[in-house]
Amino acid sequence: MPKVLVSDPIEQVGIDLLAQVAQVDIHTGLSPAELAAMIPGYDALMIRSGTKVTQEVIEAAHQLKIIGRAGVGVDNIDVPAATRKGIIVVNSPEGNTIAAAEHTLAMMMSLARHIPDANESMKAGKWDRKRFTGVEIYKKTLGIIGLGKIGSHVATVARAMGMKLLAYDPFLSTERADQLGCRLVELDVLFSESDFITLHLPKTPETQHLISGDTLAKMKPTARIINCARGGIIDEMALVTALKEGQIAGAALDVFEEEPLGESALRSLGMEAILTPHLGASTEEAQANVAIDVAEQIRDVLLGLPARSAVNIPGLRPDILEKLTPYMQLAETLGNLVGQLAGGRIESLEVRLQGELASNDSQPIVIAALKGLLSPALRERVNYVNAGLEAKERGIRVIETRDASQRDYSGSLCLIAKGPLESRSVTGALLGEHELRITSIDDFPINVSPTRHMLLTLHRDMPGIIGKIGSNLGSFNVNIASMQVGRKMVRGNAVMVISLDDPLPEGLLAEITKVQGIRDAYIVNL
Ligand SMILES: NC(=O)c1ccc[n+]([C@@H]2O[C@H](COP(=O)([O-])OP(=O)(O)OC[C@H]3O[C@@H](n4cnc5c(N)ncnc54)[C@H](O)[C@@H]3O)[C@@H](O)[C@H]2O)c1
Ligand SMILES: O=C(O)CC[C@@H](O)C(=O)O
């Protein structure tokens, strides 16, 4: 019988499901070192957010086939290390959506009516009515940052309660926002017009401290902010200052920069701040949903069947998977690249299968391209199963074309992403059986291996420009791993791709765009 280790508290219904096909051992509260010592004998690991599945754990996991995260975020798992070892990582992208949305709404009502503090004062034997006069939410403006699953449910309920809705989500079509009754606006408009602001976006390097001293200063003094998304999207120190100085009226936080929250100035705030210990997903229903969702996937994988919400490896028959995996990796990488170049709202994606690829089953390749395209926006929420649906919900039209006559490489793939103003294209191919190559960007021919951190410029082909960019990078101590220039004519327009050993430091992109002859520059992280 296969063995499953459960290392966080999981609803019994999930354990019972697993016990039908495996021996289930429950050991909670393990440190990474203790987990690494225990994991070698196990075929599957089931966790919530408490367990840290580090590289050390994965290296020790000699027979592990699957890690199941009963929840959405896989930020506590070293997913690249798992992928390298062929371990499937699955999650439950929707099991706790309603719970997190309802917690947000409860936080908003609590902020508006001071319920937690009024309750505390009653329990202390008082009858203080004046202190707890609140505000109504009816006809107030709610600004929603991130209009995905949770943000959409919050919008639907808030609209029914008579609120006016603004939303900022650079990856969402206006049609989808219209359907939800939200006016899509730029962030500054949302900050200055909202009475309540709620965050429902992933935490990424770009969204870290999105709410900072500067952005808090743009809000109304009566504004109240809610974060039930991820800690670190709000700069906690700046928030404490803004609340103490009356720059905004209130904040309700379920998530924190460090969890569990240690000693923090947040704990000393008065009734302008409401804190809960990451309870967004803590409902009986959500915990049962995620436990069943993930236990079923672990069971299926242990029985040799595909998983439906694999974050890192698609659920296909092994023979098909083996043949298509390199092309799917190519499609996902190109999708991610073209998504970052298009930089936001995308109306259509053309997937052009060229050469011998034109005679292949296109569906897994199209899905992989969409997964890559959406991953800058949705991170671990997008997988091989929901990528098509997510694209449809965002109003992205998928156009599939084939051109068997294109013979530069045995098989190549071209992706063209069209936005409201411009379209961007990338082409790639396989060198040998597995090596990925980017062979053109916006029709400029190049030959580049995709790497984790890249700087891409569109510029005029003129003497000195490459040297200037090189010395800019050098002055910030960024090491260049390789560099390629592609052009169609001498001294015309050109594209340059620089692979970097390190991520580009903040501020350097702005310096590079100032170099004479640069039309545009992009940081690409794959
Ligand atoms: N508190 C909890 O217990 C709890 C429970 C579940 C989910 N979450 C968190 O809630 C957040 C939202 O989850 P979801 O299920 O709605 O995710 P989702 O993927 O369905 O939606 C996220 C939305 O954010 C948008 N987005 C991405 N980058 C953005 C940016 N820079 N600015 C504005 N919008 C951006 C995406 O386009 C997407 O529409 C996530 O951070 C998730 O981890 C917390
Ligand atoms: O309660 C949990 O396990 C975390 C819930 C949530 O943050 C998630 O990512 O699903």
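Every number for a ligand or one of its atoms is a count from 1 in the order of the listing. Since this is a predicted model, take the numbers as computed values, not measurements.
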Discussion item. What I want to find out is whether Asp293 reaches Arg308 closely enough, with some N-O distance under 4.0 Å, to be called a salt bridge.
Written reply: yes

Item to complete: Examine ligand 1 and decide if any of its atoms is less than 4.0 Å from a heavy atom belonging to His200.
Response: yes

Practice prompt. Do me a favour and list the nearest non-hydrogen protein atom to atom 27 (C) of ligand 1 with residue, atom name and distance?
Written response: Ala377 O, 3.1 Å

Worksheet item: For atom 5 (C) of ligand 2, what is the nearest protein heavy atom, given as residue, atom name and distance?
Response: Ala281 CB, 3.6 Å

Discussion item. Can you tell me which portion of Arg394 lies within the under-4.0 Å heavy-atom range of ligand 1? Options are side chain, backbone, both, or neither.
Written reply: side chain

Item to complete: Give the atoms of ligand 1, by number and element, whose distance to some non-hydrogen atom of Tyr168 is under 4.0 Å.
Response: 32 (N), 33 (C), 34 (N)

Discussion item. For the 3.5 Å polar cut-off, considering only N or O atoms, please tell me whether Gly71 and ligand 2 meet it.
Written reply: no

Worksheet item: So between Asp75, Ile150, Leu378, Thr104, whose heavy atom ends up nearest atom 16 (O) of ligand 1?
Response: Ile150

Worksheet entry | Shortest protein contact, atom 6 (C) of ligand 2 (heavy atom only) | His278 NE2, 3.7 Å

Worksheet entry | Nearest non-hydrogen protein atom, atom 33 (C) of ligand 1 | Pro170 CD, 3.3 Å

Discussion item. For Asp8 and Thr51, which I'm curious about, is there any donor-acceptor pair between the side chains at under 3.5 Å?
Written reply: yes

Worksheet, complete the sentence: In ligand 1, the atoms that come under 4.0 Å of a heavy atom of Thr207 are 31 (N)

Item to complete: Consider only side-chain N and O atoms of Gln23 and Asp25, and report whether a donor and an acceptor are under 3.5 Å apart.
Response: yes

Discussion item. Tell me whether Asp169 reaches ligand 1 (any heavy atom closer than 4.0 angstrom to a ligand atom).
Written reply: yes

Discussion item. What protein heavy atom lies closest to atom 9 (O) of ligand 2? Include the residue and the distance to one decimal.
Written reply: Arg230 NH2, 2.6 Å

Worksheet item: Side chain, backbone, both or neither: which part of Arg69 comes within less than 4.0 Å of ligand 2 when only heavy atoms are counted?
Response: side chain

Discussion item. Counting non-hydrogen protein atoms only, what is the nearest one to atom 10 (O) of ligand 2? Give residue, atom name and distance.
Written reply: Val72 N, 2.6 Å

Worksheet item: With atoms numbered from 1 as shown, which atoms in ligand 1 lie under 4.0 angstrom from a non-hydrogen atom of His278?
Response: 1 (N), 2 (C), 3 (O)

Practice prompt. Please report the closest heavy-atom contact between Glu393 and Arg176, naming both atoms and the distance.
Written response: O-CD, 3.3 Å

Fill in: Nearest non-hydrogen protein atom, atom 21 (O) of ligand 1
Gly148 CA, 3.2 Å

Discussion item. Any nitrogen or oxygen of Ser282, side chain or backbone, less than 3.5 Å from one on ligand 2?
Written reply: no

Worksheet, complete the sentence: of all protein heavy atoms, closest to atom 43 (O) of ligand 1 is Arg230 CZ, 3.3 Å

Item to complete: Pick out which of Asp254, Ile145, Leu239, Ile234 makes a side-chain contact (heavy atoms from CB on, under 4.5 Å) with Asn227.
Response: Ile234

Fill in: Minimum-distance pair of heavy atoms, taken over all atoms of Ile233 and Ala229
CD1-CB, 4.1 Å

Discussion item. Between Glu193 and Arg183, does any NZ, NE, NH1 or NH2 come within less than 4.0 Å of an OD or OE carboxylate oxygen?
Written reply: yes

Worksheet item: Which ligand 2 atoms does Gly73 reach within 4.0 Å, using its non-hydrogen atoms?
Response: 8 (C), 9 (O), 10 (O)

Item to complete: State whether a side-chain donor-acceptor pair under 3.5 Å links Thr198 with His200.
Response: yes

Discussion item. Below 3.5 Å, N or O to N or O, backbone or side chain included: is there any such pair between Lys149 and ligand 1?
Written reply: yes

Response to the item:
Scanning both residues in full, the closest heavy-atom pair of Ala101 with His153 reads CB-CD2, 3.5 Å

Worksheet item: Quick one: nearest non-hydrogen protein atom to atom 17 (O) of ligand 1, plus distance?
Response: Arg381 NH1, 3.0 Å

Worksheet entry | Pair Asp16-Gln20, side-chain donor/acceptor within less than 3.5 Å | no

Discussion item. Tell me the contacting part of His103 for ligand 1: side chain, backbone, both, or neither, using a 4.0 Å heavy-atom threshold, strictly below.
Written reply: neither

Worksheet item: Taking non-hydrogen atoms only, is Leu147 closer than 4.0 angstrom to ligand 1 via side chain, backbone, both or neither?
Response: backbone

Item to complete: Around atom 9 (C) of ligand 1, find the nearest protein heavy atom and jot down its residue, atom name and distance.
Response: Ala229 O, 3.5 Å

Worksheet item: Are Gly280 and ligand 2 in contact, using a heavy-atom cut-off of under 4.0 Å?
Response: no

Fill in: Shortest non-hydrogen separation from Arg379 to Pro205 and the atoms involved
NH1-CD, 4.4 Å

Practice prompt. Specify the protein heavy atom at minimum distance from atom 44 (C) of ligand 1: its residue, its atom name, and the distance to 0.1 Å.
Written response: Cys228 O, 3.2 Å

Worksheet item: Starting from atom 6 (C) of ligand 1, which protein heavy atom do you reach first, and at what distance in Å?
Response: Asn96 OD1, 3.3 Å

Worksheet item: Between Thr276 and His103, is any side-chain donor less than 3.5 angstrom from a side-chain acceptor?
Response: yes

Item to complete: Would you mind telling me which of Leu349, Leu337, Leu330 makes a side-chain contact (heavy atoms from CB on, under 4.5 Å) with Leu415?
Response: Leu349

Practice prompt. Look at Glu390 together with Arg394 and state whether they make a salt bridge at an N to O cut-off of under 4.0 Å.
Written response: yes

Worksheet entry | Stacked cation flag Lys218 on Phe191, 6.0 angstrom / 45 deg | no

Item to complete: Measure across Asp78 and Gln55 and return the closest heavy-atom pair with its distance rounded to 0.1 Å.
Response: OD2-CB, 3.6 Å

Worksheet entry | Glu175 with Arg397: basic N within carboxylate O range, under 4.0 Å | no

Worksheet item: For atom 1 (O) of ligand 2, what is the nearest protein heavy atom, given as residue, atom name and distance?
Response: Arg48 NH2, 2.9 Å

Discussion item. Measuring from atom 30 (C) of ligand 1, which candidate in Leu199, Val74, Leu201 has the nearest non-hydrogen atom?
Written reply: Leu201

Worksheet entry | Proximity of Asp8 to ligand 2 by residue part, where a heavy atom lies under 4.0 Å | neither

Discussion item. Donor-acceptor pair, distance only, cut-off 3.5 Å: does the side chain of Asp195 make one with the backbone of Thr141?
Written reply: yes

Worksheet item: Any idea which atoms of ligand 1 are less than 4.0 Å away from a heavy-atom of Ala100?
Response: 5 (C), 6 (C)

Worksheet item: Looking at ligand 1, does Pro202 have a heavy atom less than 4.0 Å from it?
Response: yes

